[in-house]
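Structure first, then comments.
Both counts, for ligands and for their atoms, begin at 1 and track the order of listing. Computed from heavy atoms alone, side chains included, the values below leave out hydrogens, waters and symmetry copies.
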Amino acid sequence: MRKLGTPDDPYDVIGLGFGPSNIALAIAAQEIAPDRSCLFLERNPDTRWHEGMLIDGARMQISFLKDLVSLRNLASPFTFLQYEKAKGRLEKFVNLAEFRPTRLEFQDYLRWVAGQFAGVVRYRSDVRAVAPARGEDGGLSLFRVTVTDLATGDAVEYHARNLVHALGGVPRVPDAVTLGPTVVHSSAFLSTVPGSLTDHDRQWEFAVTGDGQSAGEITHYLLDRYRNARVHLILPGYSLRATDNNPFANEQFFEANADEFYYRNEANRRDYAASLRSTNYGVVEAGFLDDLYRLVYADEVRGRTRLVVHDGSRLTRAAADDTGVRIGVEDRFGGGTRTLRADILVLATGYRRELDPVMYRELLPYVDTDGAGRPVVSRDHRVRTTGELTCGLYVQGFAEATHGLGDTLLSLLPFRSKQIITAITKDGGSLARAVASARPEAVSDAATLVALIDGCGTGTLVSAGPGQFPVATRLPLVLDRGRGRHGVLFGVLGPADPQLPLLDGGRALVMFQPQTAPAGNPMFVDVRGCARLVTDRDRIAAHLARLDPAASGPAVGVELEIESLHGRYSPSPEPRVARTESERQS
Ligand code: NAP
């Protein structure tokens with residue numbers, strides 16, 4: 001009997017990590033593609049969500065309605081309200097009139113959902129390596145994931161056609177600083193500091209670095225729990241600042257706006273990301289700032305100052321010694337460097353996100369990167385890889401530069417998980433391979449290919465298909481080079497076209513007739529990126545007006561983002577793979 005997870009019978013999806021992103025993915029997989037085999041690998045013995053910052057009373061910064069699934073499927077059995085009902089607290093929760101539950105309760109919700117997927121999760125599984133592996137077709141169509149089973153110490157291997165990486169960020173630690181008993185990152189705050197500092201009356205000297213929500217909450221915690229302690233807060237700006245959560249700015253976390261963001265050009269994205277930074281980074285929730293200020297003021301009334309703010313400053317070094325830690329603080333405006341001493345330094349310096357170079361050592365050579373060395377990630381969260389690697393690497397939370405600030409947050413999880421599952425379900429990977437082997441004359445240079453496409457005028461979408469099978473659609477397309485990485489192909493369908501459900505989220509093969517190619521030899525372009533149905537009439541009309549001023553707006557448009565291109569001249573006039581659905585069934 002074949003064993004699931006072996007090269008002969010790989011999983012459809014392996015998820016690395018089982019935090020909010022991959023729990024949302026498990027829900028989406030069950031609701032959208034229940035026939036796909038999934039496995040999730042998680043290092044912890046159960047679901048833990050930023051445990052080091054689960055400070056008593058700390059609240060979510062978003063509404064409970066932004067749970068793992070509600071905004072995608074209100075009828076799902078995995079919504080936050082279903083959780084309240086299952087716990088017998090629904091009426092009491094409603095009675096609270098509270099949109100922002102405590103983080104502790106949200107973790108409990110995550111655990112409740114995770115518990116219902118226990119059969120597809122291997123806890124205590126520490127992922128050590130991800131490497132490409134050869135599938136039945138002889139190509140690099142599989143991932144091999146090597147895991148240490150923390151319960152037994154054994155190394156275990158699993159194989160999959162698709163991998164969804166959702167391992168979260170790693171603590172950002174300034175250069176020349178080493179973590180240790182007296183230098184702690186905020187992510188480990190609760191698991192280290194309260195346990196090691198049990199004397200709550202002592203005149204502790206604490207230092208906290210950073211100006212975000214973590215810095216605010218930790219500073220409040222230390223001043224509140226250690227009544228004689230002093231806290232040095234080292235922050236880069238003039239003062240702590242409030243989170244910009246005005247409803248207009250918050251619209252950036254809407255599904256459609258995240259989509260818009262992706263299709264902006266790079267300079268535009270950078271500019272918008274900078275102007276929206278204060279919706280999330282380096283800011284503290286306004287109500288919480290008021291609480292902190294009240295605490296500080298109460299001290300002033302008692303005639304003492306316990307919060308010392310080192311504004312305009314950056315922490316540059318920290319060296320542990322017998323009495324605690326000596327800290328170098330540099331004035332950002334030329335005022336020199338000074339040294340502070342503290343019993344404990346807490347780095348509330350945030351997180352960085354990158355694919356672990358050790359874990360991904362064997363895979364990284366196949367990953368396309370941008371000018372800044374980041375993996376290039378398509379709209380549907382698939383990492384662009386070289387043509388040799390045909391299995392799908394997806395990432396959750398590692399593409400903020402192209403997908404916007406919502407990429408690392410909870411708001412978009414219901415939508416992102418749907419996009420990934422849809423892409424995996426509709427990925428015509430075998431189609432691309434069939435085309436590749438049938439047509440050896442490839443054009444791999446994207447710029448040349450785009451120029452050829454441009455010269456063709458219109459192209460025809462000849463195939464796109466769910467699962468592993470191509471179907472013919474024959475949709476005329478025109479290229480709009482004003483948007484997207486290489487451009488966006490735009491076509492118009494009748495609203496009742498039976499191909500509509502097949503197109504949405506699907507990969508595509510497009511046929512062009514290049515004027516420079518020998519007559520009868522069309523050029524096939526495997527459009528890596530996804531097809532998106534456009535139903536907004538105004539948007540369709542606007543696209544058409546740009547492309548063909550004489551046209552009027554029909555009901556449904558299709559956009560194909562050209563994300564990565566593999567073009568081939570066909571040696572035969574009729575593509576073997578472009579069979580119709582009826583041919584397939586006969
Ligand atoms: P953050 O918002 O990224 O803030 C870290 C800050 O530390 C940055 O502004 C950074 O400034 C500063 N920093 C880094 N190195 C520094 C140095 N050497 N000296 C001085 N300052 C330095 O991190 P966070 O507060 O941990 O928040 C991360 C995410 O978790 C946010 O989304 C936040 O909302 C969330 N969070 C939520 C809760 C809650 O829901 N209750 C609690 C905590 C955190 P530069 O960028 O200029 O380097």
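Remark: ligand 1 atoms within the under-4.0 Å shell around heavy atoms of Arg172 are 14 (C), 45 (P), 46 (O), 48 (O). Each of the following atoms of ligand 1 lies closer than 4.0 Å to a heavy atom of Thr209: 17 (C), 19 (N), 20 (C), 21 (N). Annotation for ligand 1: atoms under 4.0 Å from non-hydrogen atoms of Arg59 are 39 (C), 40 (O), 41 (N). Near Ala348, meaning under 4.0 Å from one of its heavy atoms, ligand 1 places the atoms 5 (C), 6 (C), 7 (O). Shown in contact with Gly282 at under 4.0 Å from a heavy atom are these atoms of ligand 1, numbered in order with element: 1 (P), 2 (O), 4 (O), 9 (O).
Aromatic ring orientation, Tyr109 versus Tyr83: perpendicular (interplanar angle above 60°, classes split at 30° and 60°). Ring planes of His185 and Tyr351: perpendicular class, angle over 60° (limits at 30 and 60°).
Contact annotation for Pro174 and ligand 1: only side-chain heavy atoms (C-beta onward) come within less than 4.0 Å of the ligand.
Distance check, rounded to the nearest 0.5 Å: CG of Leu295 to CG of Leu307 gives 9.0 Å.
Scanning the protein heavy atoms around atom 35 (C) of ligand 1, the nearest turns out to be Gln61 OE1, 4.2 Å. Atom 43 (C) of ligand 1 has as its closest protein heavy atom Ser214 OG, 3.3 Å. The closest protein non-hydrogen atom to atom 21 (N) of ligand 1 is Pro236 CD, 3.6 Å. Here the protein heavy atom with the shortest distance to atom 18 (N) of ligand 1 is Leu315 O, 3.0 Å. The protein heavy atom nearest to atom 47 (O) of ligand 1 is Arg314 NH1, 3.3 Å.
A ring pair (Phe, Tyr, Trp, His ring centres under 6.0 Å) with His165 holds for exactly one of Phe143, Tyr394, Tyr360; it is Tyr360.
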Would you give me the side-chain donor-acceptor pairs under 3.5 Å for residues 234-241, sequence neighbours excluded?
residue	atom	partner	partner atom	Å
Arg241	NH2	Gly282	O	3.2

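Of the N or O atoms in Asn280, one or more lie within a sub-3.5 Å distance of an N or O in ligand 1. In terms of N/O distances under 3.5 Å, ligand 1 is not approached by Tyr281.
Between Ile218, Asp175, Asp211, it is Asp211 that holds the heavy atom closest to atom 6 (C) of ligand 1.
Under the 3.5 Å distance criterion, the side-chain polar atoms of His403 are matched with a main-chain donor or acceptor of Ser378.
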Quick one: do Phe64 and Phe106 satisfy ring-ring contact (aromatic ring centres under 6.0 Å, His included)? Show the steps, please.
CA-CA 8 Å; Phe64 70 86; Phe106 200 78; 9.7 Å; no

